[in-house]
Amino acid sequence: MSKALEGVRVLDFTHVQSGPTCTQLLAWMGADVIKVERPGEGDATRGQLRDIPGVDSLYFTMLNHNKRSVTINSKTKGGMAVLERLIQHCDVLVENFAPGALDRMGLSWERVHALNPRMIMASVKGFGPGKYEDCKVYENVAQCAGGSASTTGFEDGLPTVTGAQIGDSGTGLHLALGIVAALYQRTHSGRGQKVLAPMQDAVLNLCRVKLRDQQRLERTHTLHEYPQYPDGKFGDAVPRAGNASGGGQPGSILKCKGWETDPNAYIYFITQAPVWEKICDLIGEPGWKTHPDFAKPPARLPRLKQIFERIEQWTMTKTKFEVMNECNALDIPVGPILSMKELAEEQSLRETGTIVEVDHPTRGKYLSVGNPIKLSDSISEVERSPLLGEHTDEILTKVLKFSPREVAAIKASGATGQAPKAQAAE
Ligand code: CAO
């Protein structure tokens, strides 16, 4: 079976998380992704948050599957010659250096475009053009600058960052879509183009419901589904909404049996209007089906606290999985709070390849996420991440077709590092 992006070659000049997420997705879809790393150290994440001394971290391995690694010192003449040859042999260049770094290297868009007019040059930056465009940005900076932190957390608490890496992995996803769109446009235009996904913009795109609420607030000075309604006060900006639903169907996180000792014994319960009568029967409040204070959604909005307290009396008598089973049988949407431990052990996620066990020559076996996007005619197999410079020789000779003499000269110039030998896992 062929793969969706088979035949697409990607020069992967990314590091840390945002860029590597993007290129890993492209690799999972079948692109040949060649990751360029600095000789000796490589992507900084190889050595960050290590759990095994001297072994590539899970941070690195889980973001760099299905790629080949070539070490090139771009700040040498020989290194730049290799990079320029790579640019001529690739369809896409992806990078997420700090603003200006690629220009300082000598690889401006004009230079890249001149070397390969079909090249798609895709970048993650912290901010788009404007007053912050020169700033370096990490995940939580983007979450804060993109509106997520201001709107996450509880009314009486600090702005809060979320565990979902919407700044990095979220932007990587946006960039991947931009690249695929540019590849498609190139089939008609014959030309490459620049693709930019600023992290602030990507986070804001994911927080669009809060921009919706900002405008509703400005018009009506209140937000009826927020916990601040009806007793609290609204200011001039969208407040933090705790665990209230971001949509038109009120929801909340409720305790389940065992909550006193289990930090994840909770369920998200949505009081979806079409199943309201079933909810009333389930929790033992059949009278609410016709009572004027509860029968219709607008009447319920000022009473959400009371309603969720009553539903919680019922959920606290069940485990989260019992609530899930009983509610699903009645089409009531609920979601158990699943811990990472529970997810890692979830058999159905293993069966779909969303969680995979990968074998690595120095690390041994570890768990990773696999491709969350399922294509029926393009299967994703997760292959281990490369060791630093593991494919340097292969890229120089087989992809770039340098002669043995040229390869020797490139190496002698210090432009590349030696590929390390894989060691057996202990
Ligand atoms: N050979 C030689 N030099 C290399 C090289 C190679 N193969 N690869 C990178 N370098 C050099 C760069 O040219 C740059 O040198 P100069 O500063 O002298 O021009 C240097 O390495 C550092 O690059 P950087 O500035 O991108 O890295 P940093 O660690 O200082 O900053 C980060 C990291 C993430 C803050 C920054 O890259 C950034 O803001 N990126 C854009 C936003 C982004 O993607 N953030 C998400 C990161 S994950 O949270």
Verdict with reasoning, D56 to L387, per side chain to side chain contact (heavy atoms under 4.5 Å, CB included): CA-CA 8 Å; D56 285 339; L387 300 172; 4.1 Å; yes
Among all residues two or more places apart in sequence or in another chain, which pass the ring-ring contact (aromatic ring centres under 6.0 Å, His included) test with Y268? none
For F154, enumerate each residue passing the ring-ring contact (aromatic ring centres under 6.0 Å, His included) test, keeping only those at least two apart in sequence or located in another chain. none
Any salt bridge (charged side-chain N to carboxylate O under 4.0 Å, His left out) pairs touching [range], not counting sequence neighbours?
{"range": "residues 343-352", "result": "K341-E345"}
{"range": "residues 63-83", "result": "D12-K67, D32-R68, R68-E394"}
{"range": "residues 117-142", "result": "E95-K125"}
{"range": "residues 181-198", "result": "D91-R186"}

Is there a side chain to side chain contact (heavy atoms under 4.5 Å, CB included) between V238 and Y226 once you walk through the steps? CA-CA 10 Å; V238 171; Y226 275 56; 3.5 Å; yes
Is it true that R216 and D213 make a salt bridge, defined as a side-chain N closer than 4.0 Å to a carboxylate O? yes
Residue pairs, two or more places apart or on separate chains, that pass ring pair (Phe, Tyr, Trp, His ring centres under 6.0 Å) and touch residues 371-390: none
Quiz question: by atom type and distance under 3.5 Å, do the side chains of Q88 and E84 form a donor-acceptor pair? no
Any side-chain donor near an acceptor of the partner, N264 and S339, under 3.5 Å: no
Supply the atom-to-atom distance [X] [atom1] to [Y] [atom2], rounded to the nearest 0.5 angstrom.
{"X": "Q17", "Y": "Y138", "atom1": "CD", "atom2": "OH", "value": "11.5 Å"}
{"X": "W109", "Y": "M119", "atom1": "CH2", "atom2": "CE", "value": "9.0 Å"}
{"X": "T45", "Y": "L58", "atom1": "OG1", "atom2": "CG", "value": "11.0 Å"}
{"X": "I34", "Y": "L400", "atom1": "CD1", "atom2": "CG", "value": "7.0 Å"}
{"X": "H224", "Y": "L301", "atom1": "NE2", "atom2": "CG", "value": "7.5 Å"}
{"X": "L63", "Y": "D43", "atom1": "CG", "atom2": "CG", "value": "8.5 Å"}

Between T271, I270, V323, V275, which is the residue that forms a side-chain contact (heavy atoms from CB on, under 4.5 Å) with I332? V275
Look at the side chain of [X] and the backbone N and O of [Y], then say whether any donor-acceptor pair between them is shorter than 3.5 Å.
{"X": "K210", "Y": "S150", "value": "no"}
{"X": "N66", "Y": "E383", "value": "yes"}
{"X": "Q143", "Y": "A149", "value": "no"}
{"X": "Q228", "Y": "R240", "value": "yes"}
{"X": "R85", "Y": "V82", "value": "no"}
{"X": "S378", "Y": "L375", "value": "no"}
{"X": "T151", "Y": "S148", "value": "yes"}
{"X": "N116", "Y": "C90", "value": "yes"}
{"X": "Q200", "Y": "F127", "value": "no"}
{"X": "E41", "Y": "P39", "value": "no"}

Taking S69 as the fixed residue, which of H391, E37, E390 is the one that meets the side chain to side chain donor-acceptor pair (under 3.5 Å) rule? E37
So, for [X] and [Y], which heavy atoms are closest and what is the spacing to 0.1 Å?
{"X": "A122", "Y": "L175", "result": "CB-CD1, 3.9 Å"}
{"X": "V70", "Y": "I395", "result": "CB-CG1, 4.1 Å"}
{"X": "L107", "Y": "M121", "result": "O-CE, 3.8 Å"}
{"X": "T23", "Y": "V10", "result": "CG2-CG1, 4.2 Å"}
{"X": "C22", "Y": "V94", "result": "SG-CG1, 4.3 Å"}

Under 30°, 30 to 60°, or over 60°: which ring-plane class applies to F97 and F13, parallel, tilted or perpendicular? perpendicular
Please state whether the rings of H65 and W28 are parallel, tilted or perpendicular, taking 30° and 60° as the class boundaries. parallel
Looking at side-chain heavy atoms only, is the closest gap between [X] and [Y] below 4.5 Å?
{"X": "P20", "Y": "K35", "result": "yes"}
{"X": "E155", "Y": "P239", "result": "no"}
{"X": "M29", "Y": "V180", "result": "no"}
{"X": "S368", "Y": "T61", "result": "no"}
{"X": "H15", "Y": "N96", "result": "yes"}
{"X": "V124", "Y": "H174", "result": "no"}
{"X": "E357", "Y": "D359", "result": "no"}
{"X": "L388", "Y": "T71", "result": "yes"}

Taking only residues two or more places apart in sequence, or in another chain, which ones meet [X] in a salt bridge (Lys or Arg N to Asp or Glu O under 4.0 Å)?
{"X": "D51", "answer": "R363"}
{"X": "R310", "answer": "E285"}
{"X": "E309", "answer": "K305"}
{"X": "E326", "answer": "K318"}

Output, in order, the C-alpha distance, side-chain angles, deciding distance and verdict of side chain to side chain contact (heavy atoms under 4.5 Å, CB included) for L86 and I72. CA-CA 11 Å; L86 263 172; I72 301 172; 3.8 Å; yes
So that I know where these two stand, are F269 and F308 an aromatic pair - ring centroids less than 6.0 Å apart? no
When the side chains of residues 244-253 are checked against the rest of the protein, which donor-acceptor pairs come out under 3.5 Å, sequence neighbours left out?
residue: S245; atom: OG; partner: G247; partner atom: N; Å: 2.9
residue: S245; atom: OG; partner: Q249; partner atom: O; Å: 3.1
residue: Q249; atom: OE1; partner: A273; partner atom: N; Å: 3.0

CA sep, side-chain torsions, deciding dist, call: V356, E381, side chain to side chain contact (heavy atoms under 4.5 Å, CB included): CA-CA 9 Å; V356 287; E381 285 136 358; over 6 Å; no
